[in-house]
Novice: 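Shown below is the structure under consideration.
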Amino acid sequence: MSTNIPLYKNPEASVEDRVKDLLSRMTVEDKVNQMRLSADYKDLDKWLDEGCFPEYEPSSTYVQSAPIKELNRIQKHIMENTRLGIPMLVASESIHGLMCPGATMFPQAIGLGATFNKNLMRDIANTIGREASSVGVRHTYAPNIDLSRDPRWGRTEENYGEDPYLTSRLCAEYIKKVQEYGVACAPKHYLAYGSPEGGLNIAPAHVGERELRENMLEPFRAAITEAGAMSLMPSYGEIDGIPVHGSRYYLTDILRDELGFDGFTISDYSAVGMLHFLHHVAPSPVEAGKMALHAGMDMEAPDPYGFNEEFVQQIKDGIIPMEEVDLAVSRILSVKFRLGLFENPYIDENGTNYLRNENDVKLARIAAQESTVLLKNDGILPLDKSKIKKIAVMGPNADVVQLGDYTPPFAGENAITLRKAMENVLGSENVLFARGCGTVASDTGEIEAAARLAKDADVAILVLGDNSNFFGGIGWGDPGVGAGVTCGEGFDLTELILPECQRNLLNEVAATGTPVILVLETGRPYCIGKEAELSKAVIEAWYPGEQGGNALCDIIFGDVSPSGRLPITFPKVTGQIPCFYNHKPSARGYYKAGGSPEHPGRDYVFETPHPLYPFGYGLSYTEFEYSDLNITTDEKAGTAHVEVTVKNIGKMASKHAVLMYLTDVCCRITPYVHRLRGFDKIYLEPGESKVVAFDLGYDDFYFINEKSEKEIEHGEYIVRFENQIKSFVL
């Protein structure tokens, strides 16, 4: 290679040497511009047409959709007509599918958590990674690995549930596979974002150091130390009075020094500015920028509020340390070199041809099947097609696609509703449809019309729940009765009850005597005790993705047995929150004499502390028997090997999620009643059995001691599978 070529352009040189060389050639403006998320590609495209392209190379741009030719045109200008030719990094979202028109849309993340299937997650991530790289996305703000510990929070839907172990295992599979395609993952939102005060988005998190480390930090530890995440997005919120975006303790001491994170951080949108105008810990925009930089923030999004022109001048004046700037820039450049952007900055102009192939659609259907949780079945399911003459399909989500937030506009064009799927199976003449009501309201007489229709049907399927079609274009200001958004970012609740119009619809339809199957398409759990009483069967479908209608038909008619399990607890009433399963022994009452309005009692005078449906709950069309639980330990190594035999003793083949819980019987720091420490998804034919094995090690037994350090106390532990329980000493 010619010696005239700068070292940073030599692909044979080390990343460290290339970064060092490039930094030495950069002005202050060059450096700060790398620390800013650039304007939307449309602005860059416009500037290029008008001949007033920014003087300094754009570092990164965010797209939901962009013509590949236009992105290549911008990149070509950057590579060939700017002084240093530092390639642009194109970013997008992909929590349940790439946020790009034409991409495959899988079930929302809460549904993916319900699959309890690591192999399936790996396959889904393979599709997402391939589709992202094919259209030029090399940086994705995903996966979301907050623990949804307060289901009033609208962003509950974006995460894999309430459990740190489940979230850790799924996020590790996601990140490793997506990054194989040269797409840097930015897991978010570090740290404790899913436990906001009052369930309100961005509100303070009230958690202690021990809970942070034993629960909230565990998924991020897996994302970094196991999966090698190249980027990371912090939380908007604050912990004990310290906003995360301004905390050197969280962003440097723990993230860098303890976990060894070597990628770059990107702010959540406007979060650097929030240090000034929301949290009031910085007296001015530039002070917010200085605080964020010192804490460990490398790139600000979406606009230079803190990393502004005054910020640039203070660097030149020596007020802001150049070493902190260089450190931030080096992290960003390092990832660009590691992704190979300098050698391969352009996109295959036929990239959209690699979106959503036949296998991807099949995978979306399988994911929707496995994410569906059967909560109740009085024997009505599965339905026998040969005995159904007329079926009523109604409710606000019966013929409206619910894909969840962070979905690209027009994604519903490839999706199928339950009404359409039912018509395909039974014929449109045998499917009676009435909306009944909207998400939050109904027209006069709409409920009565639906009830009249239900009288003519053999069975009524009511599809109730949330509306999360915010990015899809259905918002509060759109025409149509009851189109209001009820779930997603910025859509939090005070009560976990279905809107009154939906409850009234169910009451009226049930009163006709026609058997009711309740299907919930929601982004969070709801308190549905009364609704369940009125229904012969209850199905939680979450937001099931583009193949949701087909998958629900598969389950309702028994072509597939349901195998989803709850990744989050369903409380009986909102007042039970928090109600996550991995709690401390004293957290669910002492007196054990819960009451009711008719018979007041203790602990709660008019209720019990027990949930309606616990974490891990889910019914099947067959039965499984557990036996031969065996545990072998190695006290010197501090490990245990667990085996259990699972047999399908029913009459239908089915997938089944095997969950292993671990309990520390006694510890000087109060132990959890139990914690998930292993899961596997298996398939069993009738009469077939399999031995399922798990290994337990240091990370399963440790607790956080008085010095906030990991420690293990040797003693008695209990392993539990369903009704199989066994203790051992380690």
Side-chain angles (χ1 to χ4, degrees), residues 151-152 154 156-157 199 375 392-405 417-419 432-457 459-470 472-488 490-543 552 570-574 612:
R152 293 174 296 177
T156 293
E157 65 174 88
L375 297 176
V393 180
M394 50 189 66
N397 289 335
D399 200 34
V400 172
V401 174
Q402 291 293 345
L403 297 174
D405 67 357
T417 65
L418 181 58
R419 176 194 181 185
L432 309 176
F433 170 73
R435 188 181 76 150
C437 69
T439 304
V440 296
S442 61
D443 287 327
T444 302
E446 203 173 8
I447 292 177
E448 289 79 2
R452 288 194 298 271
L453 195 68
K455 291 180 181 180
D456 298 327
V459 64
I461 300 178
L462 268 64
V463 191
L464 307 182
D466 283 318
N467 176 16
S468 188
N469 281 311
F470 182 59
I474 302 176
W476 282 100
D478 288 342
V481 175
V485 176
T486 58
C487 196
F491 298 95
D492 311 311
L493 295 177
T494 57
E495 292 283 347
L496 294 178
I497 55 175
L498 292 172
E500 183 179 12
C501 66
Q502 296 191 40
R503 289 181 278 128
N504 289 341
L505 174 63
L506 175 58
N507 290 336
E508 292 299 319
V509 172
T512 67
T514 299
V516 172
I517 297 172
L518 173 60
V519 175
L520 296 169
E521 290 191 355
T522 69
R524 55 163 67 90
Y526 276 91
C527 305
I528 55 165
K530 292 182 180 179
E531 290 78 5
E533 290 177 5
L534 293 172
S535 307
K536 294 293 184 181
V538 180
I539 295 172
E540 175 57 77
W542 314 106
Y543 302 132
L552 280 167
F570 274 51
K572 286 182 180 177
V573 294
T574 307
L612 181 63

Novice: Enter the distance from Q402:CD to L520:CG here, rounded to the nearest 0.5 Å.
Specialist: 12.5 Å

Novice: Identify the two heavy atoms, one from A460 and one from T514, that lie closest to each other, and give their separation to 0.1 Å.
Specialist: N-CG2, 3.7 Å

Novice: Does a side-chain heavy-atom distance below 4.5 Å link V400 with T439?
Specialist: no

Novice: Strictly by side chain to side chain donor-acceptor pair (under 3.5 Å), give each pair with a member in residues 494-510 just once, sequence neighbours left out.
Specialist: E495-T574

Novice: Quick check: closest heavy atoms across T512 and A454, and the distance to 0.1 Å?
Specialist: OG1-CB, 4.2 Å

Novice: Rounded to the nearest 0.5 Å, what's the gap from CE on M394 to CG on L505? Could you check?
Specialist: 7.0 Å

Novice: Rounded to the nearest 0.5 Å, what separates atom CG in L506 from atom CG in L518?
Specialist: 6.0 Å

Novice: Can you give me the closest heavy-atom contact between V509 and A451, atom names plus distance?
Specialist: CG2-CA, 4.4 Å

Novice: Are D405 and S468 close enough that a side-chain donor and a side-chain acceptor fall under 3.5 Å?
Specialist: no

Novice: Quick check: do R152 and D492 have side-chain heavy atoms less than 4.5 Å from each other?
Specialist: no

Novice: Counting C-beta onward and ignoring hydrogens, is there a side-chain heavy-atom pair between N467 and P396 closer than 4.5 Å?
Specialist: no

Novice: Using a 4.5 Å cut-off on heavy atoms from C-beta on, say whether the side chain of V459 contacts that of I517.
Specialist: yes

Novice: Any idea which heavy atoms bring G436 and S442 closest together, and the distance?
Specialist: O-CB, 3.9 Å

Novice: Please answer whether the main-chain N or O of R435 pairs with a side-chain N or O of E446 as donor and acceptor at a distance below 3.5 Å.
Specialist: no

Novice: Rounded to the nearest 0.5 Å, how far does CD of E521 lie from CH2 of W542?
Specialist: 12.0 Å

Novice: Please find the pair of heavy atoms, one from Y526 and one from L498, that lie closest to each other, and give the distance.
Specialist: CD2-N, 3.8 Å

Novice: Can V440 and T486 be said to form a side-chain contact (heavy atoms from CB on, under 4.5 Å), step by step?
Specialist: CA-CA 8 Å; V440 296; T486 58; 3.7 Å; yes

Novice: Test: side chain to side chain donor-acceptor pair (under 3.5 Å). Region: residues 529-540. Which pairs qualify, not counting sequence neighbours?
Specialist: T522-E540

Novice: Say whether, by atom type as modelled, one donor and one acceptor occur between the side chain of N397 and the main chain of D466 under 3.5 angstrom.
Specialist: yes

Novice: Under a 4.5 Å cut-off applied to non-hydrogen side-chain atoms, are F433 and D399 in contact?
Specialist: yes

Novice: Nearest 0.5 Å please: distance from the CD1 atom of I461 over to the CG atom of L552.
Specialist: 8.5 Å

Novice: Is L496 close to P151 at the side-chain level, that is, under 4.5 Å between some pair of heavy atoms?
Specialist: yes

Novice: With distance as the sole test, does T156 use its side chain to make a donor-acceptor pair with the main-chain N or O of R524 at under 3.5 Å?
Specialist: no

